[in-house]
Amino acid sequence: MGKIKVADFDIRYTVESAQPLTFFGDIHEEGKRVDYVSEFRKFEVRQHKDSLEYFALPKISEQKAREEIVRRFGLNDNMQKIYEAIATDQFLVESIEKYPGMRITRNDPWETTVCFVMSQFNNVKRIRGIVKKLIEVHGERRSFEHNGREIVVRSFPTPETFANLSVKEIMKCGTGFRGKYIKGIAQQCVDGFDLYKLEGKKYEHIKEELMTLPGIGDKVADCILLMGYEKLEAFPVDTWIKRIVERVYFKGKVQSIKTIHKFAEERWGKDGGYAQQYLFWRGRSLKLK
DNA sequence: ACCCAGGCGGGCG
DNA sequence: CGCCCGCATGGG
């Protein structure tokens with residue numbers, strides 16, 4: 001067990017904000033605790049006001065566990081600076097006031113890819129159900145003992161697993177038409193497309209590569225860049241963001257996706273990802289349509 | 001019973 | 001290009 005002091009962090013807003021941890025983590029205690037599996041290890045993270053308590057099973061060194069938590073939850077992000085940069089107007093000031101401490105999480109590129117391919121033309125609740133079922137049915141099961149109790153973990157299914165399944169088999173987990181995309185992407189990963197080789201490359205390059213994969217367009221690519229490749233400048237433009245930006249910054253006039261990307265880049269630059277996240281949740285809570 | 005959900009691919013003009 | 005349509009599925 002370890003403990004970390006935190007400021008400008010809210011685990012609930014973070015894990016409930018439709019990031020990969022929302023889709024495959026187990027959220028407990030009204031959002032104050034999240035359990036998730038990474039590399040066959042179960043991590044349990046709980047927030048008490050200004051500190052974070054965490055466990056890793058099977059155990060790893062205190063330092064390793066701490067590094068995982070700090071990285072995963074974006075605890076090194078300087079929120080005061082980021083807030084200063086993205087609070088360009090009243091709407092964003094209110095967004096930040098409403099969801100203080102919401103962070104961008106850092107996730108595995110492959111897992112992030114599957115999660116956001118599942119997100120297209122879908123809703124959060126169902127995405128969650130689908131991803132959890134994929135893990136439950138196709139993840140590798142491992143168990144170990146802790147204090148005389150058996151702990152079971154399941155890995156996120158690998159590209160190899162999906163490549164060896166038929167689309168029909170994948171669709172049994174409720175993926176719908178997205179099943180063929182997962183199969184296609186998995187097949188390409190097995191055939192040499194290396195998602196991990198893209199880590200550390202430039203935003204534009206990664207985006208171009210991701211968009212060659214089936215089922216990954218402009219919006220999904222940006223989500224993967226933001227949460228799977230730590231590209232905090234990524235600004236995913238979905239129907240909500242499009243509406244919100246048009247409404248708040250273009251007097252309600254319809255704009256192209258391209259114009260919206262350009263606007264976001266000029267206004268928020270390298271902090272676009274955080275701006276997007278706050279715009280999105282504020283817009284949704286206001287049901288801005 | 002509808003209607004919609006953090007899009008994408010394909011076909012058309 | 002830009003526009004429009006269909007798409008699997010389950011919850012409201």
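Lettering follows sequence order; numbering is per chain, from 1. Computed over heavy atoms, backbone and side chain alike; hydrogens, waters and symmetry mates excluded. The shown structure was predicted, so the numbers you read here are calculated from the model rather than taken from an experiment.
- Between B/dC3 and C/dC5, the two P atoms lie 16 Å apart (nearest whole Å).
- Separating the NZ atom of A/Lys207 from the P atom of B/dG7 is a distance of 15 Å, rounded to the nearest angstrom.
- No aromatic stack links A/Phe121 and the base of B/dC8, using centre distance under 5.5 Å and interplanar angle under 30°.
- Comparing the P positions of B/dG6 and C/dG12 gives an interatomic distance of 13 Å, to the nearest angstrom.
- Proximity of A/Thr239 to the phosphate of B/dG7: a side-chain N or O atom is located under 4.0 Å from OP1 or OP2.
- Contact annotation for A/Phe116: no contact, since no heavy-atom pair falls under 4.0 Å across all strands.
- A 6.0 Å sphere centred on CZ of A/Arg149 holds no more than 12 heavy atoms belonging to other residues, nucleotides or ligands.
- Judged by distance alone, the side chain of A/Ser61 and the main-chain N or O of A/Lys64 form a donor-acceptor pair under 3.5 Å.
- Residue contacts for A/Lys242: at a heavy-atom cut-off of 4.0 Å it reaches no nucleic acid atom on any strand shown.
- A salt bridge links A/Asp77 and A/Arg106; the closest N-O separation between the charged side-chain nitrogens and carboxylate oxygens is under 4.0 Å.
- Contact annotation for A/Thr22: no contact, since no heavy-atom pair falls under 4.0 Å across all strands.
- Between the C1' atom of B/dG6 and the CZ atom of A/Arg178 lies a distance of 12 Å, rounded to the nearest Å.
- Protein atom CD1 of A/Ile260 is 13 Å distant from nucleotide atom P of B/dG7, rounded to whole Å.
- Listed nucleotides: C/dG11, B/dC8, B/dG6. Nearest to the side chain of A/Lys125: C/dG11.
- You'll find that the side chain of A/Val220 is closest to B/dC8, out of B/dC8, C/dG10, C/dA8.
- Out of C/dG10, B/dC8, C/dA8, the shortest distance to the side chain of A/Gln120 is found at B/dC8.
- Linking Ile, Leu, Val, Met, Phe, Trp and Tyr residues whenever their side-chain heavy atoms come within less than 4.5 Å leaves A/Leu57 and A/Ile135 in two separate clusters.
- Distance A/Arg126 CZ to B/dG6 C1': 14 Å, rounded to the nearest Å.
- C/dA8 and B/dG11 are spaced 15 Å apart, taking the P atom of each and rounding to whole Å.
- Without hydrogens or angle criteria, A/Lys183 side chain to A/Leu165 main chain gives a donor-acceptor distance under 3.5 Å.
- The same atom, P, is picked in C/dG6 and in B/dC4; the two are 15 Å apart, to the nearest Å.
- For the pair A/Ile127 CD1 and B/dG7 C1', the interatomic distance rounds to 11 Å; values are reported in whole Å.
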Between A/Phe23 and A/Phe116, is a ring pair (Phe, Tyr, Trp, His ring centres under 6.0 Å) present by the stated rule, with each step listed? CA-CA 10 Å; A/Phe23 303 136; A/Phe116 284 98; 5.8 Å; yes

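- Using a 4.5 Å heavy-atom cutoff, the side chains of A/Met79 and A/Arg103 are in contact.
- Here B/dC3 presents its P atom at 17 Å from CG of A/Asn123, a figure rounded to the nearest Å.
- A side-chain donor-acceptor contact under 3.5 Å links A/Thr22 to the backbone of A/Val15.
- Rounded to a whole Å, the CE atom of A/Met118 is 13 Å from the C1' atom of B/dC8.
- In this structure, A/Gln276 reaches the bases: a heavy-atom distance under 4.0 Å links it to at least one base atom across the strands shown.
- Atom-to-atom, CD of A/Gln255 to P of C/dG2 comes out at 13 Å; the value is rounded to the nearest Å.
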Give me the distances for all protein-to-nucleotides 9-11 of chain B N/O pairs that come in under 3.5 Å?
| from | atom 1 | to | atom 2 | distance (Å) |
| --- | --- | --- | --- | --- |
| B/dG9 | OP1 | A/Gly215 | N | 3.0 |

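- Across every strand in view, B/dG6 sits unpaired, with no contact that passes the Watson-Crick or G-U test at under 3.5 angstrom.
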